[in-house]
Each structure stands twice: as structure tokens, then as C-alpha cells.
Amino acid sequence: MPIQIKTLDQLKVMRRAGLVVAQMHQVIRDEIKVGMRTDALDVIAAAVIKRAGATSNFLNYHGFPAVICISINDEIVHGIPGSRIINDGDLVSIDCGAIIEGWHGDAAFSIGVGTVSAQDQRLMDICEESMWRGIAAGENGAKLTDIGSAIEQYTNSQGTFGILREYGGHGIGTEMHQEPHVLNFGKAGQGPEITPGLVLAIEPMITSGSERTKVLSDDWTVVSVDGSRGAHFEHSYAICPDGKAFVLTAVDGGRAQLGRLGVEISELLR
Ligand code: MG
Ligand code: MG
């Protein structure tokens with residue numbers, strides 16, 4: 001499949017989908033508590049989707065049974081909500097998405113619940129910052145692998161972490177997962193050029209130990225082989241027709257975080 005280039009009108013619909021995802025994130029951040037079952041958060045997220053007149057792109061995706069992925073501690077991504085109770089000190093990663101008029105949004109975050117260890121907080125902070133560095137590197141006219149290179153360089157500059165190899169970011173539009181695949185590591189200056197109309201989901205996944213993972217017998221949950229904890233952050237961002245970036249799944253379009261990194265966001269989707 002060729003890379004799907006979106007018009008401004010299509011990006012406007014994707015922005016609406018992105019704001020539904022942002023709202024799901026906000027509600028989950030507000031509601032997540034020690035002692036809660038993980039499937040209670042799925043119910044809350046489903047209510048946001050319904051209220052917004054959107055549909056879920058996670059539910060029934062290759063048979064996935066819920067509207068969010070929830071992954072705890074050594075689980076890094078693709079965990080299934082269920083009867084598991086969230087404990088004090090858990091590092092919880094939430095990934096979810098929404099569809100509006102056929103256009104998809106997709107974003108993820110990690111959060112410490114209750115008493116968060118300094119080591120976990122640092123793991124999350126580095127993962128999140130690497131995502132912003134990746135988006136900032138993926139500006140109009142850059143090459144695709146500039147993104148993964150920025151993510152890897154920043155992460156490695158902060159210490160020893162495992163950057164997952166088997167999973168990465170992706171194009172997004174009329175399907176949740178489109179070309180191109182976006183690695184979270186590698187050499188800069190390669191791959192297709194980043195141009196207006198491109199929309200990418202950037203999603204670094206790192207652990208405090210090894211990058212090696214395995215999939216549990218539920219056929220979904222990805223855990224670290226060495227038991228180390230994982231973090232996962234994701235945003236979907238567009239290059240607008242004016243050549244400027246806009247983060248579709250961030251309430252402020254990425255203004256604060258990208259501005260800090262010297263990247264001016266587009267005004268076309270505001
Ligand atoms: Mg994604
Ligand atoms: Mg996602």
C-alpha cells in the first residue's frame with residue numbers, strides 16, 4: 001500500500017477523532033485508582049467513545065476484546081482489560097483509539113498509580129520525552145528514519161534502557177495501521193521524505209532492562225523477558241498543508257511540548 005496523503009478536510013476529521021482519544025486519556029487519568037479492576041477502565045473509555053458518537057478501532061481488531069489496552073509493570077503493550085486489580089505502585093500503560101467518520105486516532109500513555117518509585121517515574125519521563133523528540137525530528141522535509149534515530153539517541157543519552165525492536169509506530173488514516181512502519185531506533189536520513197498530508201503515530205516502548213519481549217498465552221499481552229518494567233507513550237501527528245506539524249491526539253495540538261523543542265505547530269487545525 002502506498003503512503004496515504006490526507007487533505008486538510010480529512011485532517012480536520014482526524015483531529016476530531018484525536019480529540020476523542022485525548023478525552024479518553026483524560027478520563028482514565030482522572031479515574032484510575034489503586035484497588036480498581038482493569039476492566040472498569042475499559043467501561044469508562046467505552047462510555048467516552050459512545051458519548052462522542054465515535055467507534056472503537058481496538059474492539060475486535062484481529063479479535064481484540066476491549067476498547068483499551070492496559071498493560072501493567074512487566075507488561076509493556078497489548079494487555080487485555082479484565083479482573084486484575086491495580087495495586088499501589090503499579091506502572092500502568094494505557095493505549096486506545098477512536099474512529100470518526102472512518103478516520104482513526106491512536107495514542108497511549110503510561111502512569112504510576114499510588115506510590116510511584118523514582119525509577120518508574122524516570123522510565124516514563126524518558127519514554128515520553130523520546131516520543132516528543134521523535135515527533136520534533138519528523139518535521140516536513142525530514143526523512144522517516146530521523147524519527148527513530150532521535151528516539152534512540154535521546155533514550156540512550158539518559159542511561160541503559162531496552163528499546164523494543166518488534167513494535168513501532170505507523171501511518172494512520174482510514175485504517176489504524178498504515179504504511180510506513182516507524183522504527184524507534186536506527187540510522188537517520190533514510191526512508192521516504194516526510195511531506196504535508198502525512199500522518200504518523202509515534203510510539204516508543206522502552207523497558208528498564210532488556211528490549212527482549214515475549215507474548216503471553218492470551219496471544220496479546222507483550223511482556224519483557226527479563227521481568228523489567230515497561231513504558232509506552234504515543235501520539236498521532238500530522239504534517240499540515242502549510243508544512244507545519246500538529247499533534248492530533250494532544251488537546252493543545254502539541255503546542256507546549258513541541259514549542260519547548262523549537263517546533264512551531266500549524267494553525268490550520270485549531
Ligand atoms: Mg499505534
Ligand atoms: Mg496505540
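Remember, it's 1-based here, ligands and their atoms both numbered in the order they're listed. Because only heavy atoms are used, hydrogens play no part in the values below, and waters and symmetry mates are left out as well, while side chains stay in.
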For the Mg ion (ligand 2), give me the closest N/O/S atom belonging to Asp106, just the atom name. OD1

Which atom name does Asp95 have for its N/O/S atom nearest to the Mg ion (ligand 2)? OD1

In a check of side-chain contact (heavy atoms from CB on, under 4.5 Å) between Val182 and each of Thr145, Ile147, Ile151, which one passes? Ile147

With the threshold set at 4.0 Å, does a side-chain nitrogen-carboxylate oxygen contact exist between Glu129 and Arg260? yes

In the single-linkage hydrophobic clustering (I, L, V, M, F, W, Y; side-chain heavy atoms under 4.5 Å), do Ile194 and Leu269 co-cluster? yes

Show every salt bridge (charged side-chain N to carboxylate O under 4.0 Å, His left out) that has at least one partner inside residues 173-184, sequence neighbours left out. none

For the Mg ion (ligand 1), what is the closest N, O or S atom on Glu203? OE2

Which N, O or S atom name in His170 marks its closest approach to the Mg ion (ligand 1)? NE2

Should the pair Arg255-Glu267 be classified as a salt bridge under the 4.0 Å nitrogen-to-oxygen rule? yes

How is the N/O/S atom of Glu234 that comes nearest to the Mg ion (ligand 1) named? OE2

